[in-house]
Amino acid sequence: MLRDDLPAAADARRAEAQVIAEAYRTAHRGNDHAALVAAIADALADLAAAERRTDMVRLQVSRGFVRCAAGKA
């Protein structure tokens, strides 16, 4: 897909990514490598937090099924 063919939502994501990248670069005083490492570390931390939340929801759902089944017995 050519860049000019991207849908509007993809263009908006790209623009948001550029703003975020520039914020990291500014925070790291123009050091592109440090900015990239910090952005990746933050993304990995966010991913781990999302996985923990997903695991907690799965556990709650599983407990709900067990409770519901126990109540019917």
Side-chain angles (χ1 to χ4, degrees):
M1 181 182 319
L2 297 175
R3 184 164 189 252
D4 294 339
D5 296 336
L6 293 175
D11 284 340
R13 283 191 303 273
R14 183 179 299 276
E16 184 178 11
Q18 288 173 339
V19 169
I20 293 168
E22 189 56 37
Y24 273 98
R25 189 170 189 268
T26 299
H28 291 278
R29 297 186 175 126
N31 184 331
D32 291 336
H33 182 264
L36 177 61
V37 169
I40 292 170
D42 287 350
L44 290 172
D46 289 347
L47 180 60
E51 288 173 344
R52 283 190 302 274
R53 287 190 303 272
T54 299
D55 289 343
M56 289 175 58
V57 168
R58 283 188 186 131
L59 183 60
Q60 290 173 348
V61 169
S62 294
R63 286 182 182 163
F65 280 121
V66 169
R67 285 186 194 143
C68 186
K72 291 181 180 179

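All of these numbers come straight from a predicted model, not from anything done at the bench.
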**Request:** Give a yes or no on whether L36 and L44 share a hydrophobic cluster (residues Ile, Leu, Val, Met, Phe, Trp, Tyr; joining criterion: side-chain heavy atoms under 4.5 Å apart).
**Result:** yes
Any chance you could measure [X], atom [atom1], to [Y], atom [atom2], to the nearest 0.5 Å?
{"X": "E51", "Y": "D46", "atom1": "CD", "atom2": "CG", "value": "11.5 Å"}
{"X": "R25", "Y": "N31", "atom1": "CZ", "atom2": "CG", "value": "9.0 Å"}
{"X": "L47", "Y": "I40", "atom1": "CG", "atom2": "CD1", "value": "13.0 Å"}
{"X": "I20", "Y": "E22", "atom1": "CD1", "atom2": "CD", "value": "12.0 Å"}

**Item:** Worked check of salt bridge (charged side-chain N to carboxylate O under 4.0 Å, His left out) between R58 and D55
**Value:** CA-CA 5 Å; R58 283 188 186 131; D55 289 343; 3.5 Å; yes
**Item:** For H28 against A35, the heavy-atom pair lying closest together
**Value:** CD2-CA, 3.7 Å
